[in-house]
Amino acid sequence: MKSGFKGLCNHCHAKPSEIKLDYARLHLCEDCFVKFVERKVERTIKKYGMIKNGDKILVALSGGKDSSVLLHIVKRLFPDIELSCLHIDLGIENFSDECKRKVEELVHQEDVKLEVMSLKDFLGCGLSELALKYRKVCSTCGLLRRYMLNYHGNTIQATKIATGHNLDDVLAVLWDFYVKGDLIEASRLQPVTKLIHPKAIPRIKPLIELTDYELKVYADLKGLPYTPIQCSYGRESKLNRRKKLINTIESMYPAFKHTFFKTHIKRIAPLVMDKLEARRGNWMTCSKCGMPSRKEMCAVCQLKESLKAQEN
Ligand code: AMP
Ligand code: ZN
């Protein structure tokens, strides 16, 4: 939170402290906070070997604060790395147009190339129409986004796909797996994900050690374009409820989030990682599109077939 505490910044000892980070026991001025966030992203990238010389990074831009910060920081940290951006226009009423506008503003400001893929062009209908036909539209949306990112990544020969997932996002998902005791599925959530398939581009989450709060303050201080609007379908509100719960724990037990994350990565996931692959079986190649698949035909091609069948 922006602190009422007006002592001096714990880093520069010169300017008044404006931002209080309880988990790190720090009071920072705005300039030192910006450096703190950037250093943290740099350390995360190094720690997990996310970016190497010669990489071509595809940055997934949603129009939200996280991916705006992601592009801004990665571009500054790695001025010589080839960057490409993709926005997927999901066709969600009262939401997608605003997301696209913000992404376009951002790439203009950052002076980077942008490709926009439209779900309507790709599938024949946008998400709002899909929601009328299928109940579980949020998991389908996640599936389609992952597929389209990987598909586009292959066409431009990207070596990594970077997304803006942050600590709060990851913990909100982990929470449910831990409560259900599904540690094997939980171990899937990692800073770097690589499926064993020649067309599966490794996915990296450089913001995984930063919170919603830190990213919002950073985006606002830097004047980065983003939309605060959230998608109207159920998943966001479910995740937000869990985020609220985790924030309540954090307020009583500072550093709970970081401890939970470290425990997951260092202690729990390594115990069950091999069981995850054994449970899911080997990746195959979709007979229709050539992308990674669990079955003879991938879930996206199956969805396309089912939509076609409904038309006839
Ligand atoms: P979310 O699941 O909405 O929290 O999004 C997590 C991350 O996925 C974002 O930070 C983006 O990097 C990426 N992403 C989400 N939606 C889109 C989109 N419509 N187009 C491109 N990337 C997206
Ligand atoms: Zn397929």
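Note that ligands are numbered from 1 as they come in the structure, with each ligand's atoms numbered from 1 the same way.
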message: Please determine whether side chain to side chain contact (heavy atoms under 4.5 Å, CB included) holds for the pair Leu106 and Tyr226, giving the CA-CA distance in whole Å, both sets of side-chain angles, and the decisive distance to 0.1 Å.
response: CA-CA 8 Å; Leu106 176 76; Tyr226 72 88; over 6 Å; no
field: Proximity of Val59 to ligand 1 by residue part, where a heavy atom lies under 4.0 Å
entry: neither
field: The one among Gly164, Gly64, Cys231 that brings a heavy atom closest to atom 9 (C) of ligand 1
entry: Gly164
statement: Within a strict 2.8 Å cut-off of the Zn ion (ligand 2), protein N/O/S atoms tallied 4
Whichever hydrophobic residues join Leu195 through chains of side-chain contacts under 4.5 Å: Trp283
field: Ala60-ligand 1 polar pair, N/O distance under 3.5 Å
entry: yes
query: How are the rings of Phe122 and Tyr147 set to each other: parallel, tilted or perpendicular (split at 30° and 60°)?
result: tilted
message: Any nitrogen or oxygen of Leu86, side chain or backbone, less than 3.5 Å from one on ligand 1?
response: no
- request: Would you list the pairs meeting salt bridge (Lys or Arg N to Asp or Glu O under 4.0 Å) in which at least one residue belongs to residues 52-66, sequence neighbours left out?
  value: Asp55-Lys160, Lys56-Glu82, Lys65-Asp212
query: Knowing that exactly one of Lys47, Lys46, Lys40, Arg39 qualifies, which makes a salt bridge (Lys or Arg N to Asp or Glu O under 4.0 Å) with Glu209?
result: Lys47
query: Backbone or side chain, does any N or O of Leu90 fall under 3.5 Å from an N or O of ligand 1?
result: no
- prompt: Evaluating non-hydrogen atoms only, which member of Lys100, Arg145, Gln230 is closest to atom 16 (N) of ligand 1?
  reply: Arg145
message: According to salt bridge (charged side-chain N to carboxylate O under 4.0 Å, His left out), who are the partners of Glu105, at least two apart in sequence or on a separate chain?
response: Lys102
- prompt: Within the side chain of Thr227, is there an N or O that forms a donor-acceptor pair under 3.5 Å with the backbone of Glu98?
  reply: no
message: Would you say the ring centers of Phe256 and Tyr23 fall short of 6.0 Å from each other?
response: no
Note: Lys288-Glu305 ion pair, threshold 4.0 Å (strictly below): yes
